[in-house]
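These notes are about the structure you will find just below.
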Amino acid sequence: MTTRTARIATALLGGAAALLTLTAPAAAAPTGTTGGTDITAQRLVLDPTDRGYVGTLTATVTNRRSTATSVNLVITEPAAASFSTIEPGGACLYDRLVENRLVVGCMGDRIEAGQSVTFRLGFHVWTTARDYPMIADGGRIEVVPDGATRAADSTRFTTLLRSTTGSLKKPRPYVQATETDLSIRGGAVVLTRQADGSLLGRMPVTVRYGNDAPTFMLNVDAALPAGVAVHHIEPQDMPSFPNWFTVPGGRFMPGEERTFDVILSAPAGTTAGELGTGTFTVAGSYFWGADPQDVDPSDNTASFTVTAADAS
């Protein structure tokens, strides 16, 4: 996640950032366990859809202590950027990466003495469904009682991705891309004089996502001629800024292309004529300090001319 994206994420999460002190120590716990609270999990089976594989893992936590306790869960994903939901439970925060997969700390629930709570963990792997089953065996869950500095218990789980024919037999290893394969295209744009003297122009932009490398969003840096700025994009589902914006529509599937409009502006007093050349450069955003590299950066930038025109 870039610094600018981190600022937006912090603003959107709001009070959730305050939970870091609850989840981070659990995520950083050593492999040893303290006992008194047990966790078991079934295997995770993900079913194919037209937007990747989805499924729910069932994990049961039992409090064998003599008093009630609240617990946090620490989940290591079986595939990068695949964890989606927890029920019951509270806020979740990304803590670190293990082999490019996220370790996620989640507030759990209060468990009475001698009782158990079953958690349902949702996962979504954004990759093209295959006609053969696949397996990912890196998943792990730890349970950390409230106030503890390390896990009381942990368990690993196997993840199976069901084939499009419904089979789970003889699965092949799921190998996820680690480098993105992005491209962006745009064209020349003409800014037209408005009633107040300012100028606006619309440019269709197309972004392609070539593989299943993990990203949560795609950000586009804009290098524009003097006085020209990004006014907004359409459709718009995240804030945009004069020199950058986020590609709308959320997560991409491998091979997906998405076209949207970028509206550029220039202030009143700008002289009609060619204003110069601009560029848009797209990059994936995944985790702080670990944004993915691209397999071919040469097509990550689109160049275009910007021209100002008086109203006819």
Original post:
If Ile, Leu, Val, Met, Phe, Trp and Tyr residues are connected whenever their side-chain heavy atoms lie under 4.5 Å apart, and connections chain through other members, are W126 and Y94 in the same group?
Top reply: no

Original post:
What is the minimum heavy-atom distance between G186 and A302, and which atoms define it?
Top reply: N-CB, 3.8 Å

Original post:
Is the cationic atom of R258 (NZ for Lys, CZ for Arg) positioned less than 6.0 Å from the six-membered ring centroid of F252 and within 45 degrees of its normal?
Top reply: yes

Original post:
Any chance CD of E99 has more than 12 other-residue heavy atoms, nucleotides or ligands included, within less than 6.0 Å?
Top reply: no

Original post:
Between the side chains of Y286 and T180, is a donor N or O closer than 3.5 angstrom to an acceptor N or O?
Top reply: no

Original post:
Hey, any chance V228 and V189 share a hydrophobic cluster, counting ILVMFWY side chains that come within less than 4.5 Å of each other, even indirectly?
Top reply: yes

Subject >> Exercise: identify the closest heavy-atom pair between P78 and T159 >> reply: CB-OG1, 3.2 Å

**OP:** Report the residue from I263, V262, N243 that forms a side chain to side chain contact (heavy atoms under 4.5 Å, CB included) with V230.
**Re:** V262

Subject >> Test item: Y209 and P254 side chains (from C-beta on) under 4.5 Å apart, heavy atoms >> reply: no

Subject >> T271 to R193 - nearest heavy-atom pair and separation >> reply: C-NH2, 4.4 Å

Original post:
Backbone N or O of T58 within a donor-acceptor pair of the Q42 side chain at under 3.5 Å?
Top reply: no

**OP:** Find out whether L97 and L102 are in side-chain contact, i.e. whether some heavy atom of one side chain is under 4.5 Å from a heavy atom of the other.
**Re:** yes

Original post:
Between R140 and R101, is any pair of side-chain heavy atoms under 4.5 Å apart?
Top reply: no

Original post:
R162 side chain to L160 main-chain N or O, any donor-acceptor pair under 3.5 Å?
Top reply: no

Original post:
Does a side chain donor of either S163 or T165 reach within less than 3.5 Å of an acceptor in the other side chain?
Top reply: yes

Original post:
Any donor and acceptor pair, going by atom type alone, linking the side chain of Q293 with main-chain N or O of V295 inside 3.5 Å?
Top reply: no

Original post:
Is a side-chain N or O of D181 found less than 3.5 angstrom from the main chain of N211, in a donor-acceptor match?
Top reply: no

Original post:
Does I135 share a hydrophobic cluster with V125, counting links as ILVMFWY side-chain heavy atoms below 4.5 Å and allowing steps through other members?
Top reply: no

Subject >> Path from Y132 to L44 over hydrophobic side-chain contacts below 4.5 Å >> reply: yes

**OP:** Could you check if a side-chain atom of F216 sits within less than 4.5 angstrom of a side-chain atom of R251, using non-hydrogen atoms only?
**Re:** yes

**OP:** Report the distance from atom SG of C106 to atom CD of E87, rounding to the nearest 0.5 Å.
**Re:** 12.0 Å

Original post:
Should T40 and T155 be marked as a side-chain contact (heavy atoms from CB on, under 4.5 Å) after you check the CA-CA gap, both sets of side-chain angles, and the distance that decides it?
Top reply: CA-CA 6 Å; T40 59; T155 185; 5.9 Å; no

Original post:
Would D137 and Y174 satisfy side-chain contact (heavy atoms from CB on, under 4.5 Å), going step by step from the backbone distance to the final call?
Top reply: CA-CA 9 Å; D137 58 5; Y174 171 52; over 6 Å; no

Original post:
Do the side chains of L264 and F304 get nearer than 4.5 Å, heavy atoms only?
Top reply: yes

Subject >> L73 vs I39 side-chain heavy atoms within contact, under 4.5 Å >> reply: yes

Original post:
Are any side-chain N or O atoms of N63 and backbone N or O atoms of I111, one a donor and one an acceptor, separated by less than 3.5 Å?
Top reply: yes

**OP:** Begin with the C-alpha distance, continue with both residues' side-chain angles, and end with the deciding distance and a verdict on side-chain contact (heavy atoms from CB on, under 4.5 Å) for D153 and T37.
**Re:** CA-CA 6 Å; D153 194 19; T37 308; 5.9 Å; no

Original post:
Hey, is CZ on R156 packed in by over 12 heavy atoms from elsewhere, all under 6.0 Å?
Top reply: no

Original post:
Going hydrophobic residue to hydrophobic residue with side-chain gaps under 4.5 angstrom, can you get from V104 over to V54?
Top reply: no

Original post:
Taking the side chain as C-beta and beyond, is there a heavy-atom pair between C92 and F83 under 4.5 Å?
Top reply: yes

Subject >> Minimum-distance pair of heavy atoms, taken over all atoms of T69 and P145 >> reply: OG1-CB, 3.9 Å

Original post:
Step by step, would you call I184 with T281 a side-chain contact (heavy atoms from CB on, under 4.5 Å)?
Top reply: CA-CA 7 Å; I184 186 169; T281 301; over 6 Å; no

Original post:
About how many Å separate CG of D109 and CE of M107, when rounded to the nearest 0.5 Å?
Top reply: 9.5 Å

Original post:
How far apart are the closest heavy atoms of A272 and D310, and which atoms are they?
Top reply: CB-OD2, 3.7 Å

**OP:** Output yes when a side-chain donor or acceptor of Q176 lies under 3.5 Å from a complementary backbone atom of A79, and no otherwise.
**Re:** no

Original post:
Just checking, any donor-acceptor pair under 3.5 angstrom between side chains of D146 and S70?
Top reply: no

Original post:
Side chains of S303 and T279: is there a donor and an acceptor less than 3.5 Å apart?
Top reply: no

Original post:
So which heavy atom on A129 is nearest to which on Y53, and how close?
Top reply: CA-OH, 3.2 Å

**OP:** Evaluate the criterion side-chain hydrogen bond (donor to acceptor under 3.5 Å, both in side chains) for residue pair T127 and D212; output intermediate values, then yes/no.
**Re:** CA-CA 5 Å; T127 192; D212 65 355; 2.8 Å; yes

Original post:
Are side-chain heavy atoms of L121 and F157 found at a separation under 4.5 Å?
Top reply: no

Original post:
Got a donor-acceptor contact below 3.5 angstrom from the Q194 side chain to the S198 backbone?
Top reply: no

